[in-house]
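Notes for the one structure printed next.
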Amino acid sequence: MRNMPEWYKSSYSGGSGGDCLEIADGHRTLIPVRDSKNPEGLKLVFRATAWAAFVENLKDERA
């Protein structure tokens with residue numbers, strides 16, 4: 001039996017359960033991503049380098 005990943009929301013996500021993404025830790029080269037409103041739905045997988053660039057871009061947009 002495979003271990004189920006632990007999914008995490010961003011600390012910037014509000015507690016209202018709105019539009020949030022969750023990511024699963026434990027992967028060095030790939031980042032699984034899912035919609036928190038539909039946890040049983042489709043998941044996307046990004047290369048860790050692409051995900052890191054995406055997150056940095058979001059940080060730049062907020063500044």
Side-chain angles (χ1 to χ4, degrees):
M1 187 159 89
R2 294 188 305 172
N3 291 339
M4 298 301 291
E6 284 197 50
W7 294 90
Y8 300 92
K9 287 184 189 178
S10 167
S11 60
Y12 290 99
S13 298
S16 64
D19 300 326
C20 299
L21 293 178
E22 295 178 326
I23 65 167
D25 280 345
H27 305 278
R28 291 187 332 176
T29 59
L30 298 174
I31 306 296
V33 179
R34 71 180 183 184
D35 181 348
S36 64
K37 294 184 307 294
N38 187 12
E40 300 303 320
L42 297 174
K43 281 79 172 165
L44 299 174
V45 179
F46 297 91
R47 288 186 179 133
T49 54
W51 183 255
F54 172 71
V55 171
E56 284 303 314
N57 186 287
L58 290 176
K59 289 178 184 177
D60 291 344
E61 292 291 321
R62 295 186 113 188

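The first residue of the sequence shown is numbered 1, and numbering continues consecutively from there.
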Of all residues at least two apart in sequence or in a different chain, which pass the side chain to side chain donor-acceptor pair (under 3.5 Å) check with Glu40? none
Taking ring-ring contact (aromatic ring centres under 6.0 Å, His included) as the test, write out the residues that go with Phe46, two or more places apart.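 ring-ring contact (aromatic ring centres under 6.0 Å, His included) list for Phe46, sorted by chain: Trp51.
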Starting from [Y], can I reach [X] by hopping between I/L/V/M/F/W/Y residues whose side chains sit under 4.5 Å apart?
X	Y	answer
Tyr8	Val55	no
Ile23	Leu21	yes
Leu44	Ile31	yes

Given Glu22, which partner from the list Lys43, Arg34, Lys9, Lys37 fulfils the side-chain hydrogen bond (donor to acceptor under 3.5 Å, both in side chains) test?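 Exactly one pass, corresponding to Arg34.
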